[in-house]
There are 2 protein chains.
Amino acid sequence: MDRSEEQLLTVLAALDNPHRLRIIHALHRQGRNYVSQLARELNLSRPLLHLHLQKLEEAQLVTSQLELSADGKALKYFEVADFHLLLSPATITEAVGKQ
Amino acid sequence: MDRSEEQLLTVLAALDNPHRLRIIHALHRQGRNYVSQLARELNLSRPLLHLHLQKLEEAQLVTSQLELSADGKALKYFEVADFHLLLSPATITEAVGKQ
DNA sequence: TACACCTGTCAGGTATTACTGACAGGTGTA
DNA sequence: TACACCTGTCAGTAATACCTGACAGGTGTA
C-alpha cells in the first residue's frame, strides 16, 4: 500500500480525530450501520457525524451504499474499508520522496 | 507496539502535517542534525521548526541530545526514533477499545 | 566591544477545523 | 393532514493549529 505524501496526509488528517477513530471502531465491530442510527449510538449530532463520515470516505477509509429499507426509507449504510497503513521513518521517507 | 487511543492520537496529530513529515524525511536521510542547520535546509524559521520538533518529540517520533561543539557552542541534535505503527481497522479498534 | 553563531520562549495574528441549529426534500403510517 | 423516520446542506460561530517577529541568554572570535 504505497501512497504519495498527499494521500498519506489525507489519511492522517482523517484519522487525527477522536470521533473518527470511534466511528471506525464502531463500524468495525458492527460491520455496517446507517447514519442516523450510528449518530444515536455514538451520541453525535447527525450533521456532525455526516461531516466526519465524509472525511473518512474521502480518505477511502470507509465506504457507503444508499439502500432502501423494506418500508421504503432511504438508508445510507457505511462500513470500514480494509485498509492497512504502516507508518515508520522508512515509509514516510518513501512517501515524501515522491513529492 | 500497542498504544492507547490517547497515545495513538498524539502520534497521528504529530504526523498530520506536511512540515513534520518532511522533518522526519530529512532526519531519516541525514541521520541527525541540529535545529538551526535543519531550519536552513528546510527553509523554515527556527521558532517554527522548534515548535514542530517539540510536537514530534512529545509523540516520541524523534529524540534529541544537547551537545557542545568543538568551538563551544551548544547544539541540539535531533534524530528519528525507530517507530513502527500499523494502522488498520483492527489496530484502531484495539486502541479505542482500551478507552 | 562588536559580531556571529547557538539555544529557548512568547504575544499576537492568521488560517484551519470542528460544531450547532435550521432548513429542504424524500417515503411511509395513522 | 400530521407525524415519524430517512437523507443532504449551509451559515455562522467556537475552538485549534499554525506562524512570525521580537526578545533573552549562552559561547566563541576579531
Side-chain angles (χ1 to χ4, degrees), chain A residues 5-6 8-27 30 32-59 61-79, chain B residues 5-6 8-24 26-27 30 32-59 61-79 96:
Chain A
E5 178 183 351
E6 190 184 345
L8 180 55
L9 277 169
T10 302
V11 172
L12 289 170
L15 292 178
D16 176 21
N17 180 287
H19 289 324
R20 293 197 283 269
L21 289 187
R22 291 215 173 83
I23 291 167
I24 290 176
H25 171 252
L27 288 177
Q30 302 178 348
R32 65 204 297 267
N33 205 347
Y34 64 93
V35 184
S36 291
Q37 177 61 22
L38 189 56
R40 283 188 292 265
E41 289 174 11
L42 295 178
N43 211 27
L44 295 178
S45 72
R46 196 178 50 78
L48 181 56
L49 176 60
H50 185 271
L51 182 148
H52 286 314
L53 285 170
Q54 229 170 14
K55 281 218 167 190
L56 288 170
E57 191 166 25
E58 279 169 19
L61 300 178
V62 302
T63 59
S64 67
Q65 305 118 265
L66 191 61
E67 296 184 10
L68 290 181
S69 66
D71 62 348
K73 286 172 193 156
L75 306 180
K76 189 157 189 182
Y77 277 93
F78 279 85
E79 58 191 319
Chain B
E5 178 184 351
E6 190 184 345
L8 180 56
L9 277 169
T10 301
V11 172
L12 289 171
L15 292 177
D16 176 21
N17 180 287
H19 290 323
R20 293 197 284 269
L21 289 186
R22 292 214 172 83
I23 291 168
I24 289 177
L27 289 177
Q30 301 178 350
R32 64 203 299 266
N33 206 347
Y34 63 94
V35 184
S36 292
Q37 176 61 21
L38 190 56
R40 283 188 292 264
E41 289 173 11
L42 295 177
N43 212 28
L44 294 178
S45 74
R46 195 178 50 80
L48 181 56
L49 177 59
H50 185 271
L51 182 147
H52 285 313
L53 284 170
Q54 228 171 16
K55 280 216 168 192
L56 289 170
E57 193 166 23
E58 279 169 20
L61 300 178
V62 303
T63 59
S64 67
Q65 306 119 265
L66 192 61
E67 297 183 10
L68 290 181
S69 66
D71 62 348
K73 286 172 194 157
L75 306 180
K76 189 158 189 182
Y77 277 93
F78 279 86
E79 58 192 318
V96 174

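This is a predicted model, so every value here is computed, not measured. Lettering of chains follows the sequences in order, A, B, ..., and the numbering in each one begins at 1.
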With a cut-off of less than 4.0 Å, is there a side-chain N or O of [X] near OP1 or OP2 of [N]?
| X | N | answer |
| --- | --- | --- |
| B/Tyr34 | C/dC6 | yes |
| A/Lys55 | C/dA18 | yes |
| B/His19 | D/dC19 | yes |
| B/Asn17 | D/dC18 | yes |
| A/Ser45 | C/dT20 | yes |
| B/Arg40 | C/dC6 | yes |

If I take atom [atom1] in residue [X] and atom [atom2] in nucleotide [N], what distance separates them, rounded to the nearest angstrom?
| X | N | atom1 | atom2 | result |
| --- | --- | --- | --- | --- |
| B/Gln37 | C/dA4 | CD | P | 18 Å |
| B/Leu49 | C/dG8 | CG | P | 10 Å |
| B/His50 | D/dC18 | NE2 | P | 16 Å |
| A/Leu66 | C/dT27 | CG | P | 13 Å |
| A/Leu38 | D/dT7 | CG | P | 10 Å |
| B/Arg46 | C/dA4 | CZ | P | 16 Å |
| B/Asp71 | C/dT7 | CG | C1' | 14 Å |
| B/Leu53 | D/dC18 | CG | C1' | 15 Å |

Out of [options], which nucleotide sits closest to the side chain of [X]?
| X | options | result |
| --- | --- | --- |
| A/Lys73 | D/dC18, D/dC5, C/dT7 | D/dC5 |
| B/Pro47 | C/dC5, D/dC19, C/dT9 | C/dT9 |
| A/Val35 | C/dC6, C/dC10, D/dG8 | D/dG8 |
| A/Leu48 | C/dC19, C/dT7, D/dT20 | C/dC19 |
| B/Lys76 | C/dA18, D/dG8, C/dT7 | C/dT7 |

Nucleotide opposite [N] in a Watson-Crick or G-U pair, distances under 3.5 Å:
| N | value |
| --- | --- |
| D/dG26 | C/dC5 |
| C/dA11 | D/dT20 |
| C/dA18 | D/dT13 |

Inset, instruction - Kindly indicate, with the supporting measurements, whether the criterion side chain to side chain contact (heavy atoms under 4.5 Å, CB included) is fulfilled by B/Ile24 and B/Leu15. - result: CA-CA 9 Å; B/Ile24 289 177; B/Leu15 292 177; 3.5 Å; yes
Legend entry - A/Thr10 side chain to A/Glu58 side chain, donor-acceptor N/O pair below 3.5 angstrom: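 Result is no, nothing qualifies.
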Legend entry - A/Arg22/A/Glu41 ion pair, N-O < 4.0 Å: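 No, A/Arg22 and A/Glu41 are not salt-bridged.
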Inset, instruction - Indicate the ring-plane relationship of B/His19 and B/His52, choosing parallel, tilted or perpendicular according to the 30° and 60° boundaries. - result: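 Because their plane-to-plane angle lies in the 30° to 60° range, the rings of B/His19 and B/His52 count as tilted.
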Legend entry - B/Arg20 side chain to B/Ala14 backbone, donor-acceptor under 3.5 Å: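 It does hold such a pair.
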Inset, instruction - Let me know, please, whether A/Tyr77 or B/Leu44 comes out on the 5' side of the other along DNA chain D by nearest nucleotide. - result: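 Final value for this comparison: A/Tyr77.
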Inset, instruction - Please figure out whether A/Leu75 or A/Gln54 has its closest DNA chain D nucleotide nearer the 5' end. - result: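 In this pair, the answer is A/Leu75.
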Inset, instruction - Test B/Ser64 against B/Glu57 for side chain to side chain donor-acceptor pair (under 3.5 Å), laying out the working first. - result: CA-CA 8 Å; B/Ser64 67; B/Glu57 193 166 23; 2.7 Å; yes
Inset, instruction - On DNA chain C, check which nucleotide each of B/Ser36 and A/Asp16 is closest to and give me the residue with the more 5' one. - result: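 Looking at the nearest nucleotide for each, B/Ser36 comes out on the 5' side.
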